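Just below is one structure, and these are the notes that go with it.
Note that the numbering runs from 1 along the sequence shown for the chain. As the structure lists them, so they are numbered: ligands from 1, and atoms in each ligand from 1. Computed from a predicted model, the values in this text were never measured in an experiment.
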Amino acid sequence: MSKKPWGGRFPHETDELAEKFTASIAFDKRLYRYDIEGSIAYCEALAKAQIIPHHEKEKIIQALKEIEQEIEEGNFPFSAQREDIHMHIEQRLVEKIGAIGGKLHTGRSRNDQIALDMRLYVKDELADILNRVTVLQTSLVVMADKHIEVIMPGYTHLRKAQPILLAHHMMAYYEMFKRDRERLADALKRIDCLPLGSGALAGTPYPIDREYLAERLGFTAISQNSIDAVSDRDFVVEFLAHCALLMMHLSRLCEELIIWSSPEFGFLSLPQDFCTGSSIMPQKANPDVLELIRAKTGRVYGSLVTILTVLKALPLAYNKDLQEDKEPLFDTVDTVTNALEIMALFLTKTEVNEEKMGTAASEEYTNATDLADYLTKKGIPFREAHQITGKAVQYAEKKGEGLGDLSLDELRSFSPSFAEDVFDYIRIEASVNHRQSLGGTARSRVIEQIKKAKKELS
Ligand code: ARG
């Protein structure tokens, strides 16, 4: 007969290759704390329901705590023969306290047990990620605040478009990460639901107090259908989807920092202790950290697609396929956690070349829209003002000058509506400050945005 805890009906031992193939301990040992936390609460519920006596409950809980310590101290025997973290802990429990240990699994299944572990784990990691996003947002606000005077070119199509404040640009990322936080926080509502007490799929015949379990384990909701509780991993999908968006935002920020710090732009100096060299080209300092965050976005997308594909067309209730939810989830948590931490630090150490940004902001006719707006304010329909300005740009370009370098007579040759005040109107400082619309780049508006952000962060 097989010596497995479930070996009663098996005449032989499991094939070694099959055993290795089906084992998940290599990665699910990461869940040990949640597994033990769930087992302790479940043991209390068994005692409460008078399924086990008080002294046995005490014994089991004491042994579970010792097992936790063994794992933490690295003295715990792991082996593929014991399949997963649940079996490891249960078998160790029996080793330690004998047959009483075998009572813990009464009315419980690994199916509701793993659903519980996963939810506890995601809840914890989600809270940690939320904190890290806040730290990153703080770095962005600090950078915006520090450089509130700095004007830079704003881009569309990666061509200079209109002057903006660097602070305005940084605060755009603040808003993106704010939505990422909101999405994750919202997902928590659905993650925060107790599956334990669902048994294998049909519920449990024992009078387990699920309300007690929920309270004891810190869940605000209790699953209302035992089949759903052990079958679905939509909460993992949701979490990964929000992480994918978060990484997408991070990758865009990385890309911009890479471009801006290139010698061709020269807007930023990256912290040298966060850059790496080339094995052949002695002059190089490469933005590897940023490139890696940008690239790791791909693995998070991959994880999302993995879990979606695992779940697709999976019949209810539990199937071993669900074991494949763990590695993509763990990998995503590690990736996002590390990326957020390093990015927050990176930003605080990045230096801004204010002069270079300012000069670049006034080049290449970034004030052309302002020239058209000037004419529009004088009563010329915008479409016409656009045409007139286009011609003025063409003329200035041929002369190799900016719009502000043209004489009033030259400007008036395109429209008699130009007057002396046009020159003030099209200065880049004025261009920025004209944009007083809510959310616009005018300094007073950006200061408002920063103020609001500081309040949100505190
Ligand atoms: N290791 C399994 C998983 O991660 C635990 C649940 C196993 N349940 C079962 N009936 N085989 O999904």
Under 3.5 Å donor-acceptor pairs involving side-chain atoms of residues 49-57, not counting sequence neighbours:
unit_1	atom_1	unit_2	atom_2	d
Glu56	OE1	Lys103	NZ	2.9
Glu56	OE2	Lys103	NZ	3.2

Do [X] and [Y] get their side chains close enough for a donor-acceptor pair, meaning under 3.5 Å?
X: Arg445; Y: Ser437; value: no
X: Asn286; Y: Thr276; value: no
X: Ser431; Y: Asp370; value: yes

Query raised in the report: Could you give all pairs that pass the ring-ring contact (aromatic ring centres under 6.0 Å, His included) test and reach residues 314-369, with sequence neighbours left out?
Result: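 Counting only pairs at least two positions apart or across chains, the ring-ring contact (aromatic ring centres under 6.0 Å, His included) contacts touching residues 314-369 are Tyr121-Phe330, Phe274-Phe346.
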Show the distances, to 0.1 Å, for all pairs joining an N/O atom of ligand 1 and a protein N/O atom that are shorter than 3.5 Å, listing one pair per line.
unit_1	atom_1	unit_2	atom_2	d
ligand 1	1 (N)	Ser24	OG	3.4
ligand 1	1 (N)	Asp84	OD2	3.1
ligand 1	1 (N)	Gln323	OE1	2.8
ligand 1	4 (O)	Lys326	NZ	2.6
ligand 1	8 (N)	Asn111	OD1	3.0
ligand 1	10 (N)	Asn111	OD1	3.1
ligand 1	12 (O)	Tyr318	OH	2.5

Run the side-chain donor-acceptor check on residues 143-157: report pairs under 3.5 Å with partners two or more places apart or on a different chain.
unit_1	atom_1	unit_2	atom_2	d
Asp145	OD2	Lys454	NZ	2.6
His147	ND1	Glu354	OE2	2.9

